[in-house]
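All remarks here apply to the structure that follows.
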There are 2 protein chains.
Amino acid sequence: MTTLVMHVRFLSGGFELSATIRDVARRAGVSIKTVSRVLNGSPRVTEDTRQRVMAAIDALDFHPNAAARALVLRKSRTIGLVIADITNPFFPEIVRGVEDVANRHNYNVILCNTDENPDKERCYINLIREKQGDGIILAGSRIGADEVVALARKGIHVVVINGDVRHPRVGVVAVANEERAHEAVSHLARMGHTRIAYISGSPMSSSNAERLQGYRRGHDDNGIPLDESLVVQAGPTREGGFAAMSCLLNIPARPTAILAYNDLQAIGAMEAIKEHGLTVPRDIAVIGFDDIQLASFTTPPLTTFRMPKYEMGMRAAEMLIGMIISRTVRESRLVVDPELVIRESCGYRQSVLTRGTMAAGRR
Amino acid sequence: MTTLVMHVRFLSGGFELSATIRDVARRAGVSIKTVSRVLNGSPRVTEDTRQRVMAAIDALDFHPNAAARALVLRKSRTIGLVIADITNPFFPEIVRGVEDVANRHNYNVILCNTDENPDKERCYINLIREKQGDGIILAGSRIGADEVVALARKGIHVVVINGDVRHPRVGVVAVANEERAHEAVSHLARMGHTRIAYISGSPMSSSNAERLQGYRRGHDDNGIPLDESLVVQAGPTREGGFAAMSCLLNIPARPTAILAYNDLQAIGAMEAIKEHGLTVPRDIAVIGFDDIQLASFTTPPLTTFRMPKYEMGMRAAEMLIGMIISRTVRESRLVVDPELVIRESCGYRQSVLTRGTMAAGRR
DNA sequence: TTGTAGGCGTTATCAG
DNA sequence: CTGATAACGCCTACAA
């Protein structure tokens with residue numbers, strides 16, 4: 001008893017130590033466990049004592065120590081959200097969707113930007129594990145599917161957004177990437193295009209691989225010869241798209257249509273085209289992916305596939321929290337099918353004639 | 001000893017328990033403390049034993065439990081980042097700035113969206129405290145300065161971005177809001193405008209209050225009569241700006257110029273103006289705040305004040321981590337002065353004449 | 001309804 | 001250079 005008192009005095013000399021459950025118990029004249037019960041909303045406690053405990057709690061400005069709780073409970077009510085880059089307009093809504101449902105379930109979100117760097121991604125995943133994160137959502141993941149599966153095997157709950165991991169213990173919010181890229185090519189083919197370029201994203205990206213696959217299949221199915229020199233890789237940014245397009249503009253038989261991995265690249269490409277003195281869509285048609293907010297503001301407005309970003313984030317978080325709570329995956333895979341939003345960057349080639357139709361097709 | 005073995009067996013029946021420092025110690029044939037020393041990079045350990053420990057660590061796929069560490073160390077290497085809404089393009093870059101320096105210092109970021117709801121904000125702040133966050137960054141805070149000071153008094157490290165808290169223990173990355181709003185009004189006055197409206201943000205926002213103040217002072221200093229009916233409040237969104245502008249368009253003597261609390265509102269306002277059959281800037285000039293990416297893509301491109309968003313996030317994080325490490329504030333206040341980026345939404349009234357000049361002033 | 005004892009995984013204080 | 005042991009704050013059995 002004496003040592004305890006000394007100890008307390010010693011510490012409070014230097015710092016104002018935050019109150020513990022023990023202090024609350026003492027002040028309320030009850031046991032520690034009773035306080036714990038009150039904190040956890042156990043019904044097995046008298047209203048009277050509950051009041052006393054509550055009074056003590058805010059008299060002492062007590063806040064339960066989540067670290068201590070996480071230590072014994074082995075759950076932190078924290079999830080990790082690993083994305084490529086919050087600065088890419090594709091992600092904020094996803095993040096918001098995740099955060100909203102997390103918050104609703106009393107979870108917190110640790111945000112991690114990987115810049116599509118697999119090592120950074122692994123590093124973050126480890127950190128989340130160490131922080132006892134209850135689960136991880138991977139969006140824009142650039143590590144291998146096998147690594148993700150390995151995580152799941154270790155008992156870590158993980159949900160992948162726009163990835164292609166197939167494993168019963170890995171939740172997936174997938175996107176019909178191949179089908180849509182195929183659709184884009186068909187759409188362009190119908191308009192008479194035969195030289196269609198693909199501005200590719202990261203080779204480590206499964207969604208990119210899927211789109212590329214759809215792009216290739218689209219050529220086959222529409223009887224268009226595939227010219228691999230029309231596939232050029234770039235970073236997932238405006239700058240990347242600009243650079244890629246610049247290359248594309250310099251090849252002898254330049255493309256008449258562009259499918260870009262994402263809107264940012266598509267926008268960059270349009271800028272390059274303009275700078276080259278050409279016009280979109282008259283000289284070159286452009287189609288993107290994502291439908292970020294900017295897409296409807298460019299000149300001309302960008303034709304693109306609309307991703308239900310907020311919903312994807314929501315679903316992923318619901319899935320993850322479901323896994324955490326039930327320790328199982330109810331529905332491990334969900335496929336989102338983005339819709340083609342036709343704006344003016346990819347009008348029909350005889351665009352002047354059909355202008356009215358085009359305008360009606362907007363929004 | 002027996003109990004221990006039984007215990008382990010019992011648990012491993014149900015789950016694969018992750019290895020602890022104790023397991024590593026046993027496997028490496030050293031004491032727990034030695035493992036701890038290796039983990040923390042203490043030099044007081046033989047290279048030989050270090051090797052053995054390291055081997056044991058990855059043989060067991062050991063990951064130190066940050067919760068346990070946080071419990072004893074009273075620091076979690078986690079900071080809370082409380083923002084209004086990641087979906088508002090003003091925030092992603094700030095968040096990125098924060099996350100980058102946090103990561104560089106081995107800190108993690110818990111992201112919280114408050115939607116400008118003070119209660120939600122308080123709730124998040126409490127959560128961060130409970131999670132033993134080492135500090136908090138508030139961006140777009142809507143709680144009172146006194147509450148922030150109270151936090152600091154309790155020993156919680158806090159940095160406010162774009163807020164007006166004055167206290168030696170609160171870090172602040174401030175913005176010269178009043179001065180810039182004043183400049184905007186002066187700029188408009190010089191162009192001949194006398195009916196300048198202000199689309200206001202949240203009344204709880206200190207940055208809004210500052211801009212409003214500058215708006216008012218700008219009227220005084222330029223000899224323009226102030227008409228309070230030209231100040232209308234709205235949410236910090238396109239929808240908010242649209243709604244506010246719609247009101248403004250319906251008053252008898254409608255304004256000829258708009259200063260909006262942020263770009264999103266300004267863009268919404270331009271949409272309302274267009275929908276009303278009027279033209280920007282000929283009929284109504286518009287100036288925003290922030291210079292979000294969209295701003296340069298609108299028709300016409302938006303004149304606005306460029307916020308160094310990434311840098312603001314960086315500085316805030318550096319300040320916070322500095323406070324955490326040194327337990328003091330070296331430079332508690334830093335003022336950022338956004339620059340007016342003149343685009344076409346606010347050309348000179350005789351804009352046709354000076355078109356060349358305007359274009360030169362653009363980016 | 002309430003209280004007591006022991007442990008969660010790590011670090012820190014002392015000895016050796 | 002290394003090791004035993006007591007915290008850190010909370011929760012869960014079990015007892016009362």
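Residue numbers start from 1 in every chain, and the chains themselves are labelled A, B, ... in the order their sequence lines are given, proteins ahead of strands.
Residue Ser36(B) places no side-chain N or O under 4.0 Å from the OP1 or OP2 atom of dA12(C). Considering only side-chain N and O atoms, Arg22(B) lies nowhere under 4.0 angstrom from the phosphate OP1 or OP2 of dG9(C). For dT2(D), one of the phosphate oxygens OP1 or OP2 lies less than 4.0 angstrom from a side-chain nitrogen or oxygen of Thr49(B). Contact annotation: Arg74(B) reaches the phosphate of dG9(D) (side-chain N/O to OP1 or OP2, under 4.0 Å). When the side-chain nitrogen and oxygen atoms of Ser31(A) are compared with OP1 and OP2 of dT4(C), none of them lie within a distance under 4.0 Å. Between Thr34(B) and dC1(D), a side-chain N or O to OP1/OP2 separation shorter than 4.0 Å is absent.
You'll find that the side chain of Pro64(A) is closest to dC10(D), out of dA12(C), dC8(D), dC10(D). Side-chain proximity of Thr46(A) to dC11(D), dG9(C), dT2(C): nearest is dT2(C). The side chain of Asn65(A) lies closest to dG9(D), out of dG9(D), dC11(D), dG9(C).
Each of Ala68(A) and Arg37(B) lies near DNA chain C, and the nucleotide nearest Ala68(A) is the one positioned closer to the 5' end.
Considering CD1 of Ile137(B) and CE of Met319(B), their distance stands at 10.0 Å, rounded to 0.5 Å.
Of the possible donor and acceptor atoms, none in the side chain of Asn113(B) sits under 3.5 Å from a partner among the backbone N and O of Asp115(B).
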Applying salt bridge (charged side-chain N to carboxylate O under 4.0 Å, His left out) to Arg315(A) and Glu318(A), what does each step give before you reach the verdict?
CA-CA 5 Å; Arg315(A) 295 271 181 249; Glu318(A) 280 167 356; 3.2 Å; yes
Salt bridge (charged side-chain N to carboxylate O under 4.0 Å, His left out), that's the test. Do Arg69(A) and Glu130(B) meet it? Break it down for me.
CA-CA 10 Å; Arg69(A) 186 177 275 171; Glu130(B) 296 184 358; 5.2 Å; no
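One atom, CD1 of Ile21(A), and another, C1' of dT12(D), lie 12 Å apart when rounded to the nearest Å. In this structure, Arg26(A) places its CZ atom 19 Å from P of dT2(C), rounding to the nearest Å. Separating the NZ atom of Lys131(A) from the P atom of dG9(C) is a distance of 19 Å, rounded to the nearest angstrom. Atom CG of Leu73(A) is separated from atom P of dC8(D) by 20 Å (rounded to the nearest Å).
Looking at heavy-atom distances under 4.0 Å, Leu71(A) makes contact with a base. Using a 4.0 Å heavy-atom distance criterion, Ile32(B) is classed as a base contact.
The only option from Val24(A), Asp23(A), Asn40(A) that meets the side chain to side chain contact (heavy atoms under 4.5 Å, CB included) definition with Val35(A) turns out to be Val24(A).
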